[in-house]
Number of protein chains: 2
Amino acid sequence: MTERKSRKDAARNREAVLAAADALFARCESPAEVTMADVASAAGVGKGTLFRAFGDRAGLLRALYEARLEPIRQAVEAGPPPLGPATPPQDRVPALLDAVLCFKLDNRRLALALEESGSGSPYQAEHYEQWHGLLQAMLEQIPGLTDTDFTAHALLAATRADLVEHLTGGERVPRERMRAQLANFATRVLGLGPLQA
Amino acid sequence: MTERKSRKDAARNREAVLAAADALFARCESPAEVTMADVASAAGVGKGTLFRAFGDRAGLLRALYEARLEPIRQAVEAGPPPLGPATPPQDRVPALLDAVLCFKLDNRRLALALEESGSGSPYQAEHYEQWHGLLQAMLEQIPGLTDTDFTAHALLAATRADLVEHLTGGERVPRERMRAQLANFATRVLGLGPLQA
DNA sequence: TGACGATACGGACCAAGGGTCCGGTTCGCA
DNA sequence: TGCGAACCGGACCCTTGGTCCGTATCGTCA
């Protein structure tokens with residue numbers, strides 16, 4: 001491990017900040033109304049501590065996001081089917097998209113905060129690169145598909161946090177229905193046989 | 001006309017502000033680095049004037065966007081094929097998507113500014129509602145398609161400004177290639193016959 | 001044309017929030 | 001137990017969106 005041991009008060013504070021931020025983003029309506037000062041005071045910590053630990057607001061969001069994302073990443077990299085690597089692409093692509101969608105559904109506020117307030121476009125984020133790369137590699141193995149780079153982007157775009165938020169919050173689309181619609185859409189894009197209702 | 005006559009200095013200033021903002025957003029790298037004060041001074045106008053004319057930053061962006069969008073809207077509502085209403089849906093859907101994509105390509109910075117800095121999600125914007133509604137109505141007329149609401153969202157998501165920006169700016173995808181890829185993607189989603197390279 | 005009410009102008013001003021700084025404290029190792 | 005390093009935290013700074021009000025301009029009516 002290259003990680004230098006840190007003082008335990010520092011580690012404790014880092015955890016406190018993560019927990020507090022998590023709670024605040026979950027509680028609040030719009031991520032914009034959670035200020036860094038709020039997070040600091042909720043964690044019982046000074047702003048200096050917060051910024052030293054995470055660099056800036058985007059850093060805090062990223063750290064939270066990555067922590068939440070870890071289980072899914074594990075399941076994708078070395079888990080059981082249909083997410084794991086042993087699954088044929090035709091089934092794994094929809095499974096991956098479904099996992100991403102469910103993640104966004106379960107972490108609406110957080111994903112929203114990261115995508116909108118995160119410095120620059122979400123396309124520069126490391127985890128996006130990973131999802132896109134993986135998805136593209138899977139698409140590449142499906143015969144008859146071209147433009148896998150663009151197709152991967154387009155499929156992932158259907159799971160954008162603000163779209164998900166709009167569908168659930170504004171149009172009141174239930175979770176299961178949305179998952180079915182995305183699966184249907186993916187199936188159609190993959191061009192697998194005649195789609196059924 | 002319900003529009004009350006305004007004083008001509010007001011009208012002149014409004015135009016000056018629009019022109020200045022247009023130029024600034026086109027010139028600058030990221031829309032975030034164009035401040036309201038910049039726009040005001042570039043237009044030779046005070047901040048008060050600017051805010052009275054447009055309400056807030058989002059209002060200015062919207063006004064600019066709408067002005068740019070007008071020609072396309074016209075072409076869609078009552079123009080020649082393939083954009084006009086006389087075109088069969090199978091051809092009109094790709095045409096519409098292509099038009100939207102070209103618009104985003106031609107107005108990258110502006111669209112980016114509106115989508116990211118525009119108050120709230122871009123899904124609350126009036127023009128998005130219009131595009132989505134129109135697209136959905138067209139999809140509805142294509143036999144064999146279900147989930148037209150979601151499908152319309154997903155197709156439009158493939159033309160999001162930050163994705164377009166990422167593809168052109170980061171991945172250096174040429175304009176024509178991108179248009180072809182989107183057309184291909186749309187075709188596949190519409191489920192029309194076997195797709196060719 | 002002169003005067004007057006209404007409207008617009010514009011820059012000083014305000015508030016909020018992200019990010020920085022540094023004196024004081026705590027930690028952990030010898 | 002002593003000491004240097006690391007950390008703490010809140011006061012402070014600065015940018016930026018947005019407001020306010022005294023002043024200038026417009027347009028109309030006599």
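So you know, we letter chains A, B, ... as the sequences are listed, proteins then strands, and number each from 1.
- Atom pair Arg12(A):CZ and dG28(C):C1' shows a separation of 15 Å (rounding to whole Å applied).
- In terms of the side-chain contact (heavy atoms from CB on, under 4.5 Å) criterion, residue partners of Asp149(A) (sequence neighbours excluded) are, by chain and number, His132(A), Gln136(A), His153(A), Leu167(B), Glu171(B).
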For nucleotides 17-20 of chain D, give me every protein contact, N/O to N/O, under 3.5 Å, one pair per line with atom names.
| unit_1 | atom_1 | unit_2 | atom_2 | d |
| --- | --- | --- | --- | --- |
| dG17(D) | OP1 | Arg57(B) | NH1 | 3.1 |
| dG17(D) | OP2 | Met36(B) | N | 3.0 |
| dG18(D) | OP2 | Arg57(B) | N | 2.9 |
| dG18(D) | N7 | Lys47(B) | NZ | 2.8 |
| dG18(D) | O6 | Lys47(B) | NZ | 2.4 |

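- Glu140(B) meets the salt bridge (Lys or Arg N to Asp or Glu O under 4.0 Å) test with no other residue; sequence neighbours excluded.
- In this structure, the NZ atom of Lys8(A) is 16 Å from the C1' atom of dC8(D), given to the nearest Å.
- Put simply, CZ on Arg7(B) is 9 Å from C1' on dA24(D), counting in whole angstrom units.
- One interatomic measurement links the two molecules: CG of Asp9(A) to P of dG28(C), which rounds to 6 Å at whole-angstrom precision.
- Contact between Pro31(B) and Phe25(B) at its shortest, heavy atoms only, is O-CE2, 3.7 Å.
- A salt bridge between Arg179(B) and Glu176(B) is present, with a side-chain N of the basic residue lying under 4.0 Å from a carboxylate O of the acidic one.
- Under the 4.0 Å criterion applied to side-chain N and carboxylate O atoms, Arg62(A) and Glu126(A) are not assigned as salt-bridge partners.
- Between Asn13(A) and the phosphate of dC7(D), there is no side-chain N or O to OP1/OP2 separation shorter than 4.0 Å.
- Here dC8(D) presents its C1' atom at 16 Å from CZ of Arg14(A), a figure rounded to the nearest Å.
- Atom pair Glu33(B):CD and dG18(C):P shows a separation of 20 Å (rounding to whole Å applied).
- Side-chain contact of Asp38(B) with Thr35(B): a donor-acceptor pair under 3.5 Å is present, judged by distance alone.
- Straight-line distance from the CG atom of Leu50(A) to the C1' atom of dC7(D): 14 Å, rounded to whole Å.
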